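Worth saying up front: this structure is predicted, and the values here are computed from it rather than measured.
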Amino acid sequence: MEKFDSSKTLLIILGASAWPQHEDYKNSSYTDGNNPFQRSVKEIEDYFVNTMKLQEKQVMKELFNSEDPVEKQVEKMESFLQNNNPNDDGDLFIYYVGHGQVVIGDKDYFLYIRNSKKGQPRTFFSMTELFDKFKEHARPKRLYIIVDACYSGVVRRFAPEFINGTVLFCASSEGECAKIQKDSNTATTKAEPTLFTDSLLKVLQNATGADHQKKLLSCHDVNSLLRKYLDGQEGVPEHQYYVIGKSQNIIGNLGIFPNPAYVEEKTRSKLLYPMSIAEKLPPIQWHITTSNKGGVGKTLLSMMLLTHYSSDRPKDKAASKKLPLVVDLNGVNMDLRRLLGNRNLGTDSNGQIKRVDLGKGDTSLSIVKVNQPNHPFFLGWPSVDPFKMLDTTSFFNLLTVIKGEAIDTIKDQFSDSKSKVEVPVVIIDTNYHFCNIFSDNNMDYEYLKEFLWERDEFFIWFIWVYGQIRNLVQGDLPFAPLEKQRMELVSEQVETFLTSVTNQKKNSPFIHVLNPIGLKNDQDTNVGIMERLKNNLKFLMGGEGGKVKGGDDVVQEGDVDGKPIGKLDDLLKLPSGERKTFVDIQENMITAAEPDVQPQGEKGKEELVFAEHERTQKVLSKLEGILKRSGGRPKNLVPIPIYHEQIESYQDADHISLGAIRRLKVYTTFRDLLHKVTAK
């Protein structure tokens, strides 16, 4: 996609500052010179011409306050677009300031013009008809629509998916009124723009808190700054931001707006980023396991990672000095602490359990050494409130405590004269969705730059379960578009930050996991969960599966077979392709899960993606076909095609041996995948 070029950019300004023929607004007391709508348009035009460097011929402003009927105004827009390189792949901005109205039944959204008349639809701009015109005359362009009007969040329902992406900024949600200024909905004698336009301009012109390294701000950046600016104000409607289309990850991160906070390269490092203590610390490989609410398998995944990185077998002599740290943030069930924490804990010279406590508040940690045979490691957990859900700020604070204070303390307290302990790997087992602990605000990531530098690596293991995909596919549910976009925005920020700062240049840090338990049938509530699980697995395996062998300590690595899951095994055997971004893999999942024929009626709305065994097979088959056509299974898509009855109820065990996990076929399969995933 081409970079932003102001010489190929168009701006159309729509709306009005008075509505003399509409009975609800004809008695407006605004006068020339103190009209907030007029002031908004003047300042927006000034910004695009003086700051964005658009020429006058690139700006169509005569439609604002035009007394032409809707049809005539549409004709003028069409002519403007046709006369300005309609086949050009530049950028088109549509800025509307005025009043907005939702059509009964939410079937359309009306924008007022100067001569709009109450009860006469043809005297308003229809949002759906406008979008049709933009698609007809500006299809190759990137489209940016800013609607400063009441209830403007509704526009998302009708927005077109342009080839190169569509961005929406709306002054309010579907059910809120936009405001003139912060303390009033009525006319004012102050010559100020409307609240939303005024806030947007202040963000663009000041960029307080923006990344000083960016010469141009993206739409994602502007949204983050705008949210931060408005969040601290009471009674302010919640603005809405959407990025639509296959190119959304590109258009959302495209540098467009000049950044007032930008500092030239030659002075930036001296002013903003002095030498950090983190540069003296050894590199870390981070593994973070996440899923959606109700996700299953995160703790087992963490234990398989721990099994791999805690190996202390004789053939690996150096491993005795390099031990992983696993941090249990899974406060709902505390599996790791319960399963692993009672196994031969390290003691001090007095025979007391050696435990170190560090950090404070949300970043408090207690750490002990666990001496499992051939698998020693360090185990940490929150020592103040193990059940508290961490947000982005507290999670990032915790990362810095681990990287600095925790690892220094471990080296100091657990090393001896014979060997010095190192912690090259940190595994964090969470009970969170990654959108809880990561942010879509790029400002939040600035804090980490002093601690995470190019030698670190991040792997964020996201386990897909039927419920997550169901929510994304069922677009008729009110929360589905928001959930989908939230995941897209957050994943893009994570990828943008980590691939530019850490040692993962151009590689997405997300690892996507599909496992047989995650694809369980969750529809029939009259059957117990374990029975449902077994029924689903039986169907998936088609009655096949390996014979379980052994189980005692004399069984060698990999000897305990599991039962193969056919369709997942087919995915595993696909040729390995390049890594994909989170958004790309999410789109693959959605496409595979969408039914061939959209269900009709009330029953269809309630249907779950993985509710039926047959659909599970179809989804996996469709996903296999999609991946074949796109070059193979991405390296960061990890299907786990093995099921073990031995670990059905591992949560109920008093303890579990990492040596026992090493003997499971699911582990050896995972280990081979892990080598490929983490290979540089």
**Asked** Taking the side chain from Asp584 and the backbone from Lys580, do they hold a donor-acceptor pair closer than 3.5 Å?
**Response** no
**Request:** Kindly say whether Phe582 contributes a backbone atom to a donor-acceptor pair with the side chain of Glu495 at under 3.5 angstrom?
**Result:** yes
**Heavy-atom check, side chain of Lys322 versus side chain of Val423, under 4.5 Å** = no
**Request:** Could you tell me whether the side chain of Gln240 and the main chain of Glu238 form a donor-acceptor pair under 3.5 Å?
**Result:** yes
**Asked** Between Tyr309 and Gln285, does any side-chain donor sit less than 3.5 Å from a side-chain acceptor?
**Response** yes
**Item:** salt_bridge(Lys676, Asp672) N-O dist < 4.0 Å
**Value:** no
**Request:** Just do the side chain to side chain contact (heavy atoms under 4.5 Å, CB included) check on Leu568 and Leu620 with the steps written out, would you?
**Result:** CA-CA 7 Å; Leu568 286 172; Leu620 293 174; 4.1 Å; yes
**Asked** Side chains of Ile288 and Phe395: closer than 4.5 Å at any heavy-atom pair?
**Response** yes
**Prompt:** Looking at side-chain heavy atoms only, is the closest gap between Lys567 and Pro639 below 4.5 Å?
**Reply:** no
**Sub-6.0 Å ring centroid separation between His308 and His675** = yes
**Request:** Before giving the answer on side chain to side chain contact (heavy atoms under 4.5 Å, CB included), spell out for Leu365 and Ile402 the whole-Å C-alpha distance, their side-chain angles and the decisive distance to 0.1 Å.
**Result:** CA-CA 9 Å; Leu365 274 180; Ile402 292 172; 3.7 Å; yes
**Prompt:** Just wondering, do Leu623 and Thr591 contact through their side chains at under 4.5 Å, heavy atoms?
**Reply:** no
**Donor-acceptor contact below 3.5 Å, side chain Thr430 vs main chain Thr289** = yes
**Asked** If we ignore angles and hydrogens, is there a donor and acceptor under 3.5 Å between the side chains of His220 and Gln493?
**Response** no
**Prompt:** Any donor-acceptor pair under 3.5 Å linking the side chain of Asn588 with the backbone of Ile585?
**Reply:** no
**Item:** Min side-chain heavy-atom separation Phe396-Phe438 under 4.5 Å
**Value:** yes
**Asked** Taking all non-hydrogen atoms of both residues, which atom of Leu329 and which atom of Pro382 are closest, and how far apart?
**Response** CD2-CG, 3.6 Å
**Item:** Separation of Leu226 CG from Cys219 SG (nearest 0.5 Å)
**Value:** 11.5 Å
**Item:** Aromatic ring proximity Phe458/His287, centre distance under 6.0 Å
**Value:** no
**Request:** Check for a donor-acceptor pair, side chain of Arg633 on one end and backbone N or O of Leu637 on the other, with a separation under 3.5 Å.
**Result:** yes
**Prompt:** Taking the six-membered ring for Trp, are Phe510 and Phe462 ring centroids under 6.0 Å apart?
**Reply:** no
**Item:** Heavy-atom side-chain proximity of Gln586 to Met487 below 4.5 angstrom
**Value:** yes
**Item:** Donor + acceptor pair across side chains of Ser508, Thr581 (<3.5 Å)
**Value:** no
**Check: Thr669 and Leu572 side chains under 4.5 Å, non-hydrogen atoms** = yes
**Asked** Is Val513 close to Ile640 at the side-chain level, that is, under 4.5 Å between some pair of heavy atoms?
**Response** yes
**Request:** Give a yes or no on whether the backbone of Lys635 and the side-chain of Arg579 come within a donor-acceptor separation of less than 3.5 Å.
**Result:** no
